[in-house]
Amino acid sequence: MSDHQATHEAFPTGAPAVVTCGLPYANGDLHIGHLRTYVGGDVYSRALESLGQQTAFVCGSDMHGTPIAVQAIEEGVDPEAFALEWHEQYAETFPKFGVEFDNYGHTHDDTNRELTYDIVERLEAEGYVYEKEIKVAWDPVDEQPLPDRYVEGTCPYCGEHARGDECDEGCGRHLEPGEIEDPVSTISGNPAEYRDRAHKFFEVSELSEYLDGFLDRLEGTSNARNQPRQWLEDGLQDWCITRDLDWGFDYPGEDDLVLYVWVDAPIEYIASTKQYTERVGADEYDWAEAWREDGEIVHVIGRDIIQHHTIFWPAMLEVADYVEPRAVLASGFMTLGGKGFSTSRNRAVWAREYLDEGFHPDLLRYYLATNGGFQQDVDFSWEKFRDRVNNELVGTVGNFIYRSLLFAHRNFEGTPEADVSEEVEARVREAIDDFEAGVNDYSVRAVGNATVELARFGNEYIQREEPWNLVGEDDEAAAQVIRDCVQIAKAVAVLFEPIAPDTSEELWDQLGEDGSVHDVTVDAALEAPPRDFGAPAELYEKIEAERVEELNEKLAARVAEATADDAGTETDESDADGEGDVSDIEPVADDRISFDEFQGLDLRVAEIVAAEPIEDSDNLVKLTVDIGLEERQIVAGIKQLHDVDDLPGTKVVVVANLEKAELFGHESNGMLLAAGEDADLLTTYGDSPVGTKIR
RNA sequence: AGCGGGAUGGGAUAGCCAGGAGAUUCCGCCGGGCUCAUAACCCGGAGAUCGGUAGUUCAAAUCUACCUCCCGCUACCA
């Protein structure tokens, strides 16, 4: 196993760097909350390159796992085709926001397969994998295994209701497959049974000491170190790395077992880097050096997947003898007008939507990158967006550039003949230092602010020196000032490239520069600009107040509609064509049922005798219901929507022959009928006695 | 409920990890100046006892304990 330095050298280092973004899971549309991570990664990798660091920026779509398998089945398509469709969409979307990966692959290809097998085999060879017979939840009716969160039941440790992979409501423990008691399928609702299955385990517990040291070395945002520390203290459990599933990579030598998605997903980071090398050649970028010798690996992720990147992933890398990550940057989440994004409720600003509104991607990049620290939760609103664009991009940066270049063009037809003043040269140096410090602090925000502050200085400077009063009076002095301003403009182009690649390129052209700003390093900020350039054009456009109102109205209307509607439309794929208004009312189901089938439902008039809220649940109420023949306990999700004390005495309609289920640890023997999101209870018009069958 | 994050003038943020002059910067607001520019900049002003309580200390926004509130993630909603 490799030995790593306890401290890291500051960027830029001589080693190749790899910047990765968390793999998007190929099953849904991207919104600007997702984009925050990708823009952050892109800015960071561009900034590294600007410092002269050799950098590969890679990512790919995560194609495997149970959710995709299940969704594909629901849509009646092949999981691979299903995932590929999303993958292609992502691959198309990212560049539209200037997020330009050196390689964007996906987990279901040969490069990843080979590397995954290679690593898994190393884990085995090093003796870190063992087989254990465990009980796997199985749906006996649908004849399918129920991995992970497709089963729920009772936590064996604390007795609370829990999800298949985690005791989310009680003790918080990670649950390995087979541990949960009283399992029930979350797909079909069928009580699950356990079957003995041999599964593979990765002995993470043996690596606690290594991981402890790793976390000491790890750089990046503090949340990425704090969270896993807790895990380590509680003691690590070995990690089951196989699943009973058809979709994914078969476990080597086991054709009825598939590798757990979180094994092959991060390996795509390596695979994608390798594909990059295969494309450009090892002279340009050597993936093997980066991953096997001395690379600087920087992972940019959302904070929900910190554990995987700071425990499982480095453990795998360590055993398989790869380079460990140098830094993990875990972004905070985004809120929209103070509340969380909700894809299922269409409470989101979609990536595509933003572009359709005609906004320049650089504006959003700037907002996402500089609004709050990276690990901070950040709020998006169109008002804030407008304020920052108008004040900072238009007022400060754009205005300075335009006034300077316009003045230079009119009076000097380009860059005046003069040397940069000491003051301005020092100020540009300071901006470069701030930029570099930002990179080494893993703060994309600081990187962006360095430039805006430089432009702000530029405005002060030009204002103070008043070149417009010098022209004709003291042309030499005027030339000096404008020369300085052009230099600052050039520095802005160079230093703002990571944040606003497109407009920086435009500015670069305006300055009469050859080539691309993308290819220069920060040193260029101090080099002389070309002598001649033409009339400048405005870089950024103001956003009018009416525009904001309009956008807010659109959003509010959509959210209201989605909220009023039954959120029962589980997921939100397809139909995102954004055309026309979707009706508030769910369409009638296509499948007609026979009268006999209806007869199979035993619906009864019942009366609520007693009701008490279930502690710790937001929504569940335990009801005692009189159905004439007997009193029954039913659990219903109506706590927030009715005053629980008013419920007793209410006549309701219940499904009497529904199979029993256990919810939140309480038995539910039947189901009461209610309408819509508001859980408007169905009751009787006349006074049919309790127990009456409904037909 | 578990976990994570947060609470600093009207809004947003920095400082807090390595405690010391009633506190950073941006936006907004009020009054005045300047005008090359999608206007920016300058001068002046109003506005915070740094979520609460208790403690450590000569000294706390900064350390400790407890509490409150907010947000997110993960859920049940048969």
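Throughout, a chain's letter reflects where its sequence line sits, starting with A, and its residues are numbered from 1. Any value given below was found using the heavy atoms of this structure, including those in side chains, with hydrogens, waters and symmetry copies removed.
Residue Tyr540(A) is classed as a base contact, given a heavy-atom separation below 4.0 Å to a base.
With a 3.5 Å ceiling on both atom-pair distances, the Watson-Crick or G-U wobble partner of rC66(B) is rG52(B). The pairing partner recorded for rG20(B) is rC58(B), the criterion being a Watson-Crick or G-U wobble arrangement whose two distances lie under 3.5 angstrom. rG4(B) and rC71(B) make up a base pair, with Watson-Crick or G-U wobble contacts both under 3.5 Å. With a 3.5 Å ceiling on both atom-pair distances, the Watson-Crick or G-U wobble partner of rC41(B) is rG33(B). Pair assignment for rG10(B): rC27(B), on the basis of Watson-Crick or G-U wobble contacts that are both within less than 3.5 Å. Remark: rC76(B) base-pairs with no nucleotide; criterion is Watson-Crick or G-U wobble with both hydrogen-bond distances under 3.5 Å.
Dashed line: the shortest gap from a side-chain N or O of Arg464(A) to OP1 or OP2 of rA40(B) is not under 4.0 Å.
The existence of a salt bridge linking Glu460(A) and Arg464(A) is excluded, since no basic side-chain nitrogen approaches an acidic carboxylate oxygen closer than 4.0 Å.
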Please test Tyr461(A) against Glu423(A) for side-chain hydrogen bond (donor to acceptor under 3.5 Å, both in side chains), starting from the C-alpha separation and ending with a verdict.
CA-CA 10 Å; Tyr461(A) 183 74; Glu423(A) 182 189 1; 4.9 Å; no
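Taking the six-membered ring for Trp, Phe312(A) and Trp239(A) have ring centres closer than 6.0 Å.
With centroids closer than 5.5 Å and planes inclined by less than 30 degrees as the test, Phe407(A) and the base of rC36(B) fail to qualify as a stacked pair.
Rounding to whole angstrom units, CD of residue Glu453(A) and P of rU25(B) are separated by 11 Å.
Under the 30°/60° scheme for interplanar angles, the aromatic rings of Phe380(A) and Phe385(A) are found to be tilted.
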